[in-house]
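Quick note: numbers below take in every heavy atom, side chains included, and nothing from hydrogens, waters or symmetry partners. All ligand and atom numbering here is 1-based and tracks the order in the structure.
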Amino acid sequence: MSRFAKYTHLELIQLAQKTIIPPLSSRYHKGQVGGRVCVVGGSFKFCGAPFFAANATMLYGSDLTYLVCSDKDHDLSSILKIYSPNLMVNPVLSEPHLKCESFLHNVHSVVIGPGLGRREDEVMQETNDVKFDNVIKILQYCVENKIFVVIDADGLYLLSNDNKYKSKMSDLLKNHGKYIALTPNVIELKRLQKEYPDLYTRFPGLIILEKGKNDKIISTNQSNDSTNEENPQILENTVESHCLKRCGGQGDTLTGCLATQLGWCNILLRDDENSSKNDDGDDNNNNNNNKEKHVIWPDRKRLENIAEYKVLSAYVVSTVVKLASSKAFAEKFRSMQTTDLNNKVGEAFYEIFGDTVEKE
Ligand SMILES: NC(=O)C1=CN([C@@H]2O[C@H](COP(=O)(O)OP(=O)(O)OC[C@H]3O[C@@H](n4cnc5c(N)ncnc54)[C@H](OP(=O)(O)O)[C@@H]3O)[C@@H](O)[C@H]2O)[C@@H](O)CC1
Ligand SMILES: Nc1ncnc2c1ncn2[C@@H]1O[C@H](COP(=O)(O)OP(=O)(O)OP(=O)(O)O)[C@@H](O)[C@H]1O
């Protein structure tokens with residue numbers, strides 16, 4: 001059981017408000033606190049999924065969202081650009097010598113997988129392998145540079161079923177689990193458990209947000225030798241959803257929202273790291289330059305470790321998406337689509353957290 005499992009729903013929401021939802025303020029510039037998120041996905045078959053995920057990142061509150069896809073997937077990048085002028089679509093995923101640094105250096109979180117496709121389904125095997133090689137390259141770049149990653153949909157398929165890539169991916173998860181969240185649906189979870197029977201304990205620091213009627217958040221101890229903690233820890237979101245429509249893309253929405261929320265956590269954690277470095281500098285050099293000290297939301301409450309930031313993020317996002325889907329369903333019933341759900345994300349967030357404007 002997670003320490004959070006002893007909290008009531010209201011206590012968790014209040015805790016989140018004090019720890020992981022940075023207030024809106026005129027002090028911050030574009031991307032600094034709202035965050036910069038990148039979604040990697042799309043294929044010749046699926047242009048909806050990457051759009052829903054990327055669109056949800058922005059509707060949840062990111063300032064800048066990039067969508068990285070392949071220019072070999074027919075008209076995918078043009079279609080995505082037409083879907084939304086808010087997104088920055090970067091069709092570099094099939095570049096043979098991809099330089100991740102050029103588009104990821106200032107990003108706070110990344111989604112890998114919505115609509116990405118699978119190697120066996122693709123038409124042009126040769127260019128296709130470049131695309132998937134690059135997906136692995138991106139994952140590696142992210143975890144080595146402490147960028148949070150959400151792996152969903154066909155990203156999970158690579159991890160559970162792709163013979164060329166699954167061992168490389170599982171090595172990255174094993175060594176850098178603390179930067180990664182998986183968001184499987186029921187079938188994706190079954191595939192993962194078939195490949196990794198010890199899924200819940202195998203990847204230290206990993207969290208798994210299992211989607212379903214009650215979203216379940218599983219977290220694995222960060223270190224294999226911490227014996228005094230339960231492993232894994234489980235937190236279930238039992239808030240009722242009144243949405244009875246299961247249109248494709250609800251999971252993509254959840255994934256996008258989670259990426260933005262994790263991006264915020266990354267920003268806050270980096271700010272703590274920078275300010276403690278400066279504290280050391282001050283002591284050693286007797287230098288009273290406070291400029292870099294807790295630039296962002298100085299009086300926030302701290303959680304205990306990275307895993308707690310990720311678990312609370314997953315809980316909050318699950319709550320927001322459940323409320324958004326209930327609202328969309330109440331208006332549209334059977335005709336509800338994912339676009340309706342996406343359009344309720346902001347309203348649901350507001351209903352739960354208010355305007356979140358910084359108090360003077
Ligand atoms: N508009 C778009 O572009 C969209 C594109 N999308 C993209 O499609 C890609 C493939 O994703 P996917 O989920 O369709 O494929 P996959 O994992 O093989 O599962 C397929 C089979 O699993 C089952 N099944 C599923 N859920 C279940 C449940 N809760 N409980 C029980 N069974 C369940 C179900 O089995 P059946 O009902 O046939 O028995 C189904 O046939 C991926 O890239 C994704 O991002 C989507 O995001 C949607 C919007
Ligand atoms: N049986 C259910 N009852 C109520 N809500 C559900 C149910 N199943 C899923 N949900 C809600 O829908 C969200 C998405 O779950 P779903 O299983 O549809 O994901 P997915 O298959 O990955 O979606 P996508 O179509 O985007 O690939 C969940 O997080 C949950 O909030």
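- The side chain of Ala153, and not its backbone, has at least one atom closer than 4.0 Å to an atom of ligand 1 (non-hydrogen atoms only; side chain from C-beta on).
- The nearest protein atom to atom 3 (O) of ligand 1, hydrogens excluded, is given as Ala49 N, 3.0 Å; this is a heavy-atom distance.
- The aromatic ring centroids of Tyr28 and Trp297 lie 6.0 Å or more from each other.
- Listed here is the closest heavy atom pair of Asp215 and Lys322: OD2-CE, 4.1 Å.
- Closest approach of Cys142 to Leu104, counting heavy atoms only: SG-CD1, 4.1 Å.
- Contacts with ligand 1 closer than 4.0 Å are made by side-chain heavy atoms of Arg191 only, the backbone lying farther away.
- An N or O contact shorter than 3.5 Å links Asn185 to ligand 2 by distance.
- There is no protein heavy atom closer than 4.0 angstrom to atom 37 (O) of ligand 1.
- Atom numbering of ligand 1 starts at 1 in the shown order; those under 4.0 Å from a heavy atom of Gly248 are 48 (C), 49 (C).
- Ile208 pairs in a side-chain contact (heavy atoms from CB on, under 4.5 Å) with only one of the listed residues (Leu199, Ile234, Ile180), which is Leu199.
- Among all protein heavy atoms, the one lying closest to atom 27 (C) of ligand 1 is Ile187 CG1, 3.9 Å.
- Shortest contact from atom 8 (O) of ligand 1 to any protein heavy atom: Phe46 CZ, 3.3 Å.
- At a distance under 4.0 Å, a protein heavy atom can be found next to atom 33 (C) of ligand 1.
- In terms of modelled atom types and a separation under 3.5 Å, the side chain of Gln337 and the main chain of Lys332 share no donor-acceptor contact.
- Selection from Arg246, Glu210, Glu188 by nearest heavy atom to atom 7 (C) of ligand 2 gives Arg246.
- In this structure, atom 14 (O) of ligand 1 has no protein heavy-atom contact shorter than 4.0 Å.
- From the protein, the heavy atom lying nearest to atom 13 (C) of ligand 2 is Gln250 CB, 4.3 Å.
- Checking each of Thr19, Asp272, Asp271 against Arg300 for a side-chain hydrogen bond (donor to acceptor under 3.5 Å, both in side chains) leaves exactly one that passes, namely Asp272.
- Ring geometry for Tyr165 versus Phe132: interplanar angle of 30 to 60°, hence tilted.
- The one candidate from Leu67, Val68, Leu64 that meets the side-chain contact (heavy atoms from CB on, under 4.5 Å) condition with Met88 is Leu64.
- Atom 47 (O) of ligand 1 lies below 4.0 Å from at least one non-hydrogen atom of the protein.
- When each of Leu172, Leu159, Leu158 is paired with Leu139, the side-chain contact (heavy atoms from CB on, under 4.5 Å) condition holds for Leu172 and for no other.
- Heavy-atom contacts of Lys211 reach the following atoms of ligand 2: 14 (C), 15 (O), 19 (O), 20 (P), 22 (O), 28 (C), 29 (O) (cutoff under 4.0 Å).
- Within the 4.0 Å heavy-atom shell around ligand 1 one does not find Lys211.
- Because its NZ or CZ atom is not both nearer than 6.0 Å to the ring centre of Tyr196 and within 45° of the ring axis, Arg202 does not count as a cation-pi partner of that residue.
- Nearest to atom 25 (O) of ligand 2 by heavy atom, out of Gly251, Ala49, Gly249, is Gly249.
- Set against the non-hydrogen atoms of Asn185, the atoms of ligand 1 under 4.0 Å away are 13 (O), 26 (N).
- The ligand atoms of ligand 2 that sit less than 4.0 angstrom from a heavy atom of Gly248 are 25 (O).
- When the options Glu188, Gln193, Glu195 are evaluated for a side-chain contact (heavy atoms from CB on, under 4.5 Å) with Arg191, the one that passes is Glu188.
- On a distance-only criterion, Asp252 and ligand 2 share at least one N/O pair closer than 3.5 Å.
- Near Gly249, the atoms of ligand 1 lying under 4.0 angstrom from a non-hydrogen atom of the residue are 48 (C), 49 (C).
- Residue contacts with ligand 1, taken as heavy atom pairs separated by less than 4.0 Å, do not involve Gln337 at all.
- In this structure, atom 23 (C) of ligand 1 has a protein heavy-atom contact shorter than 4.0 Å.
- The nearest pair of heavy atoms linking Thr260 to Ser62 is CG2-N, 3.5 Å.
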Go through it in stages, so that I can follow the logic: the residues are Asp75 and Lys81, the test is salt bridge (Lys or Arg N to Asp or Glu O under 4.0 Å), and I'd like the CA-CA distance, side-chain angles, deciding distance and then a yes or no.
CA-CA 10 Å; Asp75 303 320; Lys81 284 175 185 171; over 6 Å; no
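- In this structure, Trp264 and Phe349 have perpendicular ring planes: the angle between them is above 60°, well past the 30° mark.
- Taking the six-membered ring where the residue is Trp, Tyr7 and Phe4 present perpendicular rings, their angle passing 60° and hence far from 30°.
- At a 4.0 Å cut-off, at least one heavy atom of Gly212 sits close enough to ligand 2 to count as contact.
- At a distance under 4.0 Å, a protein heavy atom can be found next to atom 18 (O) of ligand 1.
- Between the side chain of Lys146 and the main chain of Tyr179, no donor-acceptor pair closer than 3.5 Å is present.
- For atom 11 (O) of ligand 1, no protein heavy-atom neighbour is found at a distance under 4.0 Å.
- Between Gly115 and ligand 1, at least one N/O pair is under 3.5 Å apart.
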Walk me through whether Glu11 and Lys6 qualify under salt bridge (Lys or Arg N to Asp or Glu O under 4.0 Å).
CA-CA 10 Å; Glu11 284 169 342; Lys6 297 183 197 111; over 6 Å; no
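- For ligand 1, the atoms closer than 4.0 angstrom to any heavy atom of Pro114 are 45 (O).
- Distances from atom 42 (C) of ligand 1 to the heavy atoms of Asp154, Leu156, Thr338, Thr253 put Asp154 nearest.
- Those atoms of ligand 1 with a heavy atom of Val186 less than 4.0 angstrom away are 28 (C), 29 (N), 30 (N).
- The protein heavy atom nearest to atom 29 (O) of ligand 2 is Asp215 OD1, 2.9 Å.
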